[in-house]
Engineer: 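Before anything else, here's the structure in question.
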Amino acid sequence: MVEAGVERVRDGIHTEPGLSEGKDYRLTLVCVGTGTARLAFVPARAAAEASVPCDESVVRQRITGGEFVRIDVVGAEGATGVVAWQIDAL
């Protein structure tokens with residue numbers, strides 16, 4: 001495990017984990033509550049954007065490490081609950 005946490009949907013996730021250049025990682029997210037959240041990466045080439053439903057579904061995304069990678073999960077208007085996340089090296 002590289003990094004993990006739990007945040008309120010309205011606060012979102014905003015992290016810049018220290019990922020090794022060119023190495024692959026797996027981001028696992030689960031949102032419990034109502035509505036949806038949006039997963040995005042900077043730079044966008046690190047991984048694809050995705051929707052995260054707040055219905056206890058597990059969302060997994062492969063990330064390629066780089067000099068700088070920022071992960072943002074932002075709740076949609078009216079979304080409530082919590083988002084749990086974990087980054088693992090592959």
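Only a predicted model underlies this, so the values are computations on that prediction, with no experimental measurement involved.
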Engineer: State, to 0.1 Å, how close P53 and S51 come at their nearest heavy-atom pair, and which atoms those are.
Structural biologist: CD-O, 3.6 Å
Engineer: Can V30 be reached from V52 by stepping across I, L, V, M, F, W or Y side chains whose heavy atoms are under 4.5 Å apart?
Structural biologist: no
Engineer: Going by heavy atoms in the side chains, are V73 and W85 under 4.5 Å from each other?
Structural biologist: no
Engineer: For a 4.5 angstrom cut-off between non-hydrogen side-chain atoms, does V9 reach T80?
Structural biologist: no
Engineer: Would V82 end up clustered with L29 when hydrophobic side chains under 4.5 Å apart are linked, directly or stepwise?
Structural biologist: no
Engineer: Provide the closest heavy-atom pair for H14 versus D11 in the form atom of the first, atom of the second, distance.
Structural biologist: NE2-O, 3.3 Å
Engineer: Mark yes when over 12 heavy atoms from residues, nucleotides or ligands other than R60 sit less than 6.0 Å from its CZ; otherwise mark no.
Structural biologist: no
Engineer: Indicate if V59 and I71 have the same hydrophobic cluster label, given that clusters are the connected sets of ILVMFWY residues with side-chain heavy-atom separations under 4.5 angstrom.
Structural biologist: yes
Engineer: Please round to the nearest 0.5 Å and tell me the distance separating atom CD of E16 and atom CG of D72.
Structural biologist: 8.5 Å
Engineer: Measuring only between side-chain heavy atoms, which start at C-beta, is C31 closer than 4.5 Å to V83?
Structural biologist: yes
Engineer: What distance separates R26 CZ from D88 CG, expressed to the nearest 0.5 Å?
Structural biologist: 5.0 Å
Engineer: Quick check: closest heavy atoms across I87 and P17, and the distance to 0.1 Å?
Structural biologist: CD1-CG, 3.7 Å
Engineer: Mark yes or no for whether E49, through its side chain, and R38, through its backbone, hold a donor-acceptor pair below 3.5 Å.
Structural biologist: no
Engineer: Between the side chain of E21 and the main-chain N/O of E67, is any donor-acceptor distance below 3.5 Å?
Structural biologist: yes
Engineer: Between I63 and V74, is there shared hydrophobic-cluster membership here, with clusters defined by ILVMFWY side-chain heavy atoms closer than 4.5 Å?
Structural biologist: no
Engineer: Contact between L27 and F41 at the side-chain level, heavy atoms closer than 4.5 Å - yes or no?
Structural biologist: yes
